[in-house]
Amino acid sequence: MNSRLIINGLGYLGLLPFLAGAMLVLSGRSVYSLQPGFLFVSYSTVILSFLGGVLWGRSLSLGESPLRWALLLLSNGIALLAWFSLLGGTASYRSALLSLMLGYVVVFVAERGADASLETALTRPYRGFRLVLTSLVVLLHLVVVFADMTRSAA
């Protein structure tokens, strides 16, 4: 089977929980007695932590370069940011969402830097794919932030 097809399929399927979570937040409906904002933040935390792990994996192919060490440290920072966002989400979904959005942007920028060091035929199409995924994830975070702001103002 084509690896790009599998990678793209899994990536786009991974957007579905973000979309479902945003729709739940907009509707104000809970699932399994869990607040929709918590569902969204918890899924986002998992995915951002996963992306931090991807940065760790990318660093392993960089040899002893300074970029390798930067990616290793950043991957741990991303995991901690995601965890603190989850913990803080119980008090303020809005600050958790904004922190998570920042994490997604940082991971995207770090991947671009790593891609420049690992220029291969796989990285070129992957860059566009990741731009689409990151943009949609950030957009859905903004939708949830504005829904939370609207709900708070009402």
Side chain to side chain contact (heavy atoms under 4.5 Å, CB included) between Phe84 and Leu87, intermediate numbers included: CA-CA 5 Å; Phe84 286 126; Leu87 294 176; 4.2 Å; yes
Note, Val31 side chain near Pro36 side chain (heavy atom, < 4.5 Å): no
Sub-6.0 Å ring centroid separation between Phe40 and Tyr93: no
Backbone N/O of Ser33 and side chain of Ser30: donor-acceptor pair under 3.5 Å: no
Donor-acceptor contact below 3.5 Å, side chain Tyr104 vs main chain Ser44: yes
Common cluster, Met149/Val143, ILVMFWY with side-chain heavy-atom separation under 4.5 Å: no
Rounded distance (nearest 0.5 Å) linking atom CE of Met101 with atom OG1 of Thr134: 12.5 Å
same_hphob_cluster(Leu80, Val46) at 4.5 Å side-chain heavy-atom cutoff: no
hydrophobic_cluster_shared for Leu139 and Leu97, side chain cutoff 4.5 Å: no
Connected-component partners of Leu60 among ILVMFWY, side-chain separation under 4.5 Å: Trp56, Trp69, Leu72
Heavy-atom pair of closest approach, residues Ala22 and Leu140: CB-CD2, 4.0 Å
Rounded distance [0.5 Å steps], OG in Ser135 versus CZ in Arg130: 9.5 Å
Reported OH-to-CG distance for the pair Tyr32 and Leu39, which is rounded to 0.5 angstrom: 10.0 Å
All ring pair (Phe, Tyr, Trp, His ring centres under 6.0 Å) counterparts of Phe146, not counting sequence neighbours: none
Side chains of Leu98 and Val145 in contact at under 4.5 Å (non-hydrogen atoms): yes
Non-neighbouring partners of Tyr43 that pass side-chain contact (heavy atoms from CB on, under 4.5 Å), sequence neighbours left out: Pro17, Phe18, Ile47
Distance (rounded to the nearest 0.5 Å) between Leu86 CG and Ser42 OG: 6.5 Å
Atom of Ser85, atom of Ala96 and distance for their closest heavy-atom approach: O-CB, 3.2 Å
Derivation of the side chain to side chain contact (heavy atoms under 4.5 Å, CB included) call for Val25 and Asp148: CA-CA 8 Å; Val25 168; Asp148 182 59; 5.8 Å; no
Verify same cluster id: Leu26, Val41 (apolar side-chain graph, 4.5 Å): no
Joint cluster assignment, Val107 & Leu142, ILVMFWY side-chain distance < 4.5 Å: yes
Any residue meeting ring pair (Phe, Tyr, Trp, His ring centres under 6.0 Å) with Phe50, in chain and number order, not counting sequence neighbours: none
Value rounded to 0.5 Å, distance of CZ in Arg58 from CG in Leu67: 10.5 Å
Intermediate values then yes/no, side chain to side chain contact (heavy atoms under 4.5 Å, CB included), Leu81 and Ser99: CA-CA 7 Å; Leu81 173 71; Ser99 296; 3.9 Å; yes
Nearest heavy-atom neighbours spanning Ala110 and Leu71: CB-CD2, 4.1 Å
By side-chain contact (heavy atoms from CB on, under 4.5 Å) - contacts of Leu136 (at least two apart): Leu15, Val132
Nearest-0.5 Å distance, OG of residue Ser75 to CG of residue Leu73: 7.5 Å
Connected-component partners of Leu131 among ILVMFWY, side-chain separation under 4.5 Å: Phe108
Least distance between heavy atoms, Leu48 atom then Ala82 atom: CD2-CB, 4.1 Å
